[in-house]
Amino acid sequence: MAETVVNPNLEGQEPTRRDFIHIAAGAAAVGGAAMFAWPLIDQMNPAADTLALASIEFDLTKVTEGQQVTIKWRGKPVFVRYRTPAEIEAARKTPLSDLKDPQKDEDRVKPGHEQFLILVGTCTHLGCVPTFGAGEYGGWFCPCHGSVYDTSGRIRKGPAPKNLAVPDYAYLTDTRVKIG
Amino acid sequence: MSEHESTYVPKTGFERWLDTRLPIIRFAADYATIPTPKNLNYWWTFGGILALCLVIQIVTGIVLVMHYTPNADLAFASVEHIMRDVRHGWMIRYIHSNGASMFFLAVYIHMLRGLYYGSYKAPREMIWILGVVLFLLMMATAFLGYVLPWGQMSFHGAVVITNLIGSIPIVGESITTWLWGGFAVDNPTLNRFFSLHYLLPFVIAGVVVLHLWALHAAGQNNPVGILIPQEQRSRDTVPFHPYYTVKDGFAIILFLMLFAVFVFFNPNALGHADNYIPANPLVTPAHIVPEWYLLPFYAMLRAVPDKFMGVLVMFGSIGLLFVLPWLDTSKVRSMRYRPAMRWFFFIFVLVAFMLGWCGAKSPDDQLIHGITTFRLFDGDLNSYLWLSRLLTLYYFSFFLIIMPWVGLRETPLPVPESISSPVLSGHGSVPTGAVADAEKKG
């Protein structure tokens with residue numbers, strides 16, 4: 001490294017060509033380092049084969065009334081719950097003002113298929129898998145930090161901020177859904 | 001104690017040849033004879049113990065990697081292969097897993113020692129800050145390592161911790177996906193955690209070098225907490241070797257005995273039975289708790305009803321330690337001479353233990369069985385939830401209110417002028433009863 005010698009007569013004067021070269025070289029080095037760093041950072045994002053595993057199909061006749069089947073979708077559990085009329089009734093009766101993340105039960109199921117509730121089975125707090133049928137609202141109870149969900153999968157109590165997520169899905173036939 | 005005269009004299013022709021080309025023996029010899037305060041007690045032996053812990057973890061870890069497979073389908077079986085088939089594999093793995101616990105035991109004692117004797121105060125702020133960096137690196141490494149066996153606790157622990165990052169507004173979700181390498185904790189996550197678990201111990205070793213560099217630039221603190229005056233240096237210090245190599249050595253032997261009790265007689269006492277069940281993304285264990293050394297922070301996380309605030313509180317509890325040197329307003333380092341502050345310190349230690357206890361319990365469980373007091377906001381007052389909240393409040397008050405305030409209001413006891421003066425002359429103040437007795441006899 002060369003020592004920088006400041007000529008006292010030049011202080012406060014116009015920038016020199018040498019200053020320009022310093023700045024240009026520094027900027028090129030920083031830009032180059034950033035361009036090289038980006039692939040090294042971005043490689044951690046989901047790979048093409050992970051992204052390809054986007055959708056699954058499920059036969060709803062496998063679930064009986066009052067029961068739930070858990071299937072794996074994108075590495076996460078998905079709950080398919082066949083609700084009883086009483087459970088649907090309980091979910092519909094709840095006033096929206098009682099909810100932390102207000103959403104109508106009707107908006108969480110597909111019309112004509114109100115009995116089937118399809119949800120991503122990870123607690124919106126820290127991602128644990130809530131236990132079916134437990135908790136005071138008859139929905140789910142998360143064993144990790146005590147979040148309680150109702151029979152529509154809406155958050156009622158505990159630290160979770162949001163309702164259990166509804167994945168993108170569509171009915172292929174009356175008894176077959178495609179998730180994702 | 002930095003710039004002491006080199007006393008190394010090369011004895012052989014080879015040493016003289018080497019000394020002019022690579023003075024490495026001189027460096028080691030000077031390091032070993034560094035003048036060290038002569039009154040260091042056994043709380044000061046944990047630095048050496050921690051260095052040993054790091055070496056044990058690196059050596060056993062490198063050996064374990066020779067048999068472990070970082071793949072979601074094979075990891076669990078490969079750990080069982082280590083336990084059952086690999087020669088001495090069970091012992092090496094138990095040393096590594098219990099070694100993490102012993103490492104944290106030692107680091108907590110080391111930190112509390114620094115807190116009690118004011119080792120973080122000027123001119124030692126950098127030693128302390130680098131220490132906090134080491135503590136964070138240790139926690140990261142321990143977490144990453146805990147995931148590798150790919151048992152139920154490994155998997156769901158990884159889910160919970162990575163989801164903490166998801167609570168950051170706006171960017172949280174993309175960061176979590178980036179960390180996972182997918183839409184859930186899965187094989188890509190395991191692979192990168194393995195890579196980083198191997199990397200971080202060497203980063204720790206690098207920061208340890210800086211920690212020691214800072215230590216020897218500023219000089220070691222001591223139980224009296226005074227800076228040793230230049231003219232007292234020959235009286236108040238002894239060479240590190242043989243005095244402290246022997247003292248540290250003795251402490252290390254005792255520490256290794258405790259270590260061996262865990263490894264050979266109760267190797268799973270500090271772990272969770274659930275981690276001997278292979279990871280299943282569809283079922284979360286009923287009672288999910290982190291390892292014991294993270295429990296106090298876990299309790300603070302759960303004490304806060306809001307997700308993001310809880311995360312901030314948890315990280316803030318460690319972040320505070322970075323500014324600790326500037327929160328303490330007292331000029332006196334050692335709490336031996338701080339009659340009020342030392343009591344707040346002892347309460348702080350108790351609070352830290354109780355937070356750990358709360359972290360291991362279910363937040364809604366009753367503190368005293370069978371009694372329902374009244375509900376305050378979201379929980380009964382007689383619950384671990386509210387106890388955790390009170391304890392968290394004390395934890396933060398200790399640093400943010402008590403430390404600055406007591407430092408200004410407290411009248412400290414007289415501090416001796418040198419380490420030797422109260423013992424030798426009888427002038428200066430007499431710090432403890434033990435020293436006073438010795439004086440009468442001597």
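The sequence lines fix the lettering, A, B, ..., with proteins before strands; numbering per chain opens at 1.
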Within a reach of under 6.0 Å around [atom1] of [X], are more than 12 heavy atoms found that belong to other residues, nucleotides or ligands?
| X | atom1 | value |
| --- | --- | --- |
| B/F353 | CZ | no |
| B/E80 | CD | yes |
| B/F135 | CZ | yes |
| B/L22 | CG | yes |
| A/K110 | NZ | yes |
| A/K178 | NZ | no |
| A/D168 | CG | no |

Of all pairs that satisfy salt bridge (charged side-chain N to carboxylate O under 4.0 Å, His left out), the ones with a partner from residues 120-135 of chain A, not counting sequence neighbours: none
Under 4.5 Å from a heavy atom of chain A, the part of [X] involved:
| X | value |
| --- | --- |
| B/L301 | side chain |
| B/P281 | both |
| B/F155 | neither |

Show the nearest heavy-atom pair for residues [X] and [Y], with the distance to one decimal.
| X | Y | value |
| --- | --- | --- |
| A/T50 | B/G182 | CG2-CA, 3.8 Å |
| B/F183 | A/K76 | O-CE, 2.7 Å |
| B/A184 | A/G75 | CB-O, 3.6 Å |

Flag side-chain contact, heavy atom, 4.5 Å: A/P161 against B/K307: yes
Residue A/T131 versus chain B: region with a heavy atom under 4.5 Å: neither
Indicate every side-chain donor-acceptor pair of residues 22-44 of chain A with a distance under 3.5 Å to a residue at least two apart or in another chain.
| residue | atom | partner | partner atom | Å |
| --- | --- | --- | --- | --- |
| A/D42 | OD1 | A/N45 | ND2 | 2.8 |
| A/Q43 | NE2 | A/L40 | O | 2.9 |

B/L282/A/V129 under side chain to side chain contact (heavy atoms under 4.5 Å, CB included): CA gap, chis, key distance, verdict: CA-CA 7 Å; B/L282 303 187; A/V129 184; 5.9 Å; no
Evaluation steps, side chain to side chain contact (heavy atoms under 4.5 Å, CB included), between A/C128 and B/V160: CA-CA 7 Å; A/C128 294; B/V160 167; 3.5 Å; yes
Most chain B-contacting option - heavy-atom pairs closer than 4.5 Å, from A/P130, A/P159, A/C142, A/G127: A/G127
Max heavy-atom pair count under 4.5 Å with chain A, selected residue of B/V289, B/D306, B/N187, B/I288: B/I288
Gap separating the NE2 atom of B/H156 from the CG atom of A/L126, nearest 0.5 angstrom: 13.5 Å
